[in-house]
Amino acid sequence: MSADTTDSFDLNTLNDQELTEQVHDDLYNGLKDEIIAATNIFLARGWAPAKVLNDALVEGMRIVGIDFRDGILFVPEVLLAANAMKAGMAILRPLLAETGAEPIGKVVIGTVKGDIHDIGKNLVSMMLEGAGFEVINLGINNPVENYLAALEEHKPDILGMSALLTTTMPYMKVVIDTLKQKGLRDKYIVLVGGAPLNDEFARAIGADAYCRDAAIAVETAKSMIAARRAAR
Ligand code: B1M
């Protein structure tokens, strides 16, 4: 496929509004090549990278997130959408860095020690990126030292942890307790997620919130950052 056409029609023939709506549809349908083509067309038309990101891609992923939350879209479709989004982001990321557009917040996220499940955590990472966050994804099987090193290096707003096993979820408390011991706990919003967790567990270990799914993770991250900034 060429950089600016689809199988059915030339995206270049659409006006800006139509192309924006087309991007929302194409993201929803996980059409990576079309997202790459449309992103390049917007840039060629002189759109600022941040406008392409917010009006076309982020808005498209917002719609995906809502339908995922409401059970209209399922994991495979969201992964495809997130993958298409990532392809557009890959074009925009260096341009955004040049123009100095600020991400809406920074997140360090990883699956805890002893746990190699990463599909859900990666989905959360991609959805957060789609919402305009800068995400440092630490991968799987992270001991507390990895989290501490990443917090020190990247100075995020949010620490996210994922666990899919009942045997590994208690490790989240090890990380939070270590942050407390080092006097670092209040510097970060701590969000946790993973199928075996719940609100009560998150409260018991001293996290700020449990996120049932990726859409809720994005909403929680946005609202907690906004609240923290307002409080300051
Ligand atoms: Co595993 N596994 N697995 N597994 N596995 C489960 C979790 C299990 C429930 C299956 C079962 O028995 N029914 C079970 C756990 C039982 C328990 O602890 N109570 C289990 C087991 C036992 C194991 C092994 C021990 C099996 C073995 O070797 N005997 C082993 C463990 C290895 C280890 O980690 N040390 C193991 C291995 C594997 C595979 C490698 C084969 C593979 C993982 C591949 C990978 O991730 N790259 C795997 C898989 C795929 C699963 C199931 C089938 C699917 C998990 C998944 O990806 N779900 C799972 C059964 C199940 O959950 N139905 C199972 C889709 C994903 C999108 O959802 O991860 O829940 P989820 O993420 C959601 C939310 O939870 C939330 O948002 C996500 C998106 O909406 N979320 C967050 C997740 N992390 C978040 C972090 C946040 C916020 C939200 O931070 C802010």
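Computed from heavy atoms alone, side chains included, the values below leave out hydrogens, waters and symmetry copies. Both counts, for ligands and for their atoms, begin at 1 and track the order of listing. Numbering of residues begins at 1 and proceeds along the displayed sequence. These figures come from a predicted structure and were not determined experimentally.
- Side-chain contact annotation: Thr111 with Asp118, donor-acceptor N/O pair under 3.5 Å absent.
- Of the N and O atoms on the side chains of Gln22 and Glu18, not one donor lies less than 3.5 Å from an acceptor on the other residue.
- Under the 3.5 Å distance criterion, with hydrogens and angles disregarded, no donor-acceptor pair is assigned to the side chains of Asp55 and Trp47.
- A salt bridge links Arg62 with Glu59: the distance from a Lys NZ or Arg NE/NH1/NH2 to an Asp or Glu carboxylate oxygen falls below 4.0 Å.
- Listed by chain and residue number, the protein contacts of ligand 1 are Phe68, Val75, Ile109, Gly114, Asp115, Ile116, His117, Asp118, Ile119, Gly120, Leu123, Val124, Gly160, Met161, Ser162, Leu164, Leu165, Thr166, Leu191, Gly193, Gly194, Ala195, Cys211, Arg212, Asp213, Ala214 (heavy atom within 4.0 angstrom).
- Within the 4.5 Å cutoff, the side chain of Glu129 has heavy atoms near those of the Lys86 side chain.
- Judged purely by distance below 3.5 Å, without hydrogens or angles, the side chains of Asp67 and Tyr28 pair a donor atom with an acceptor atom.
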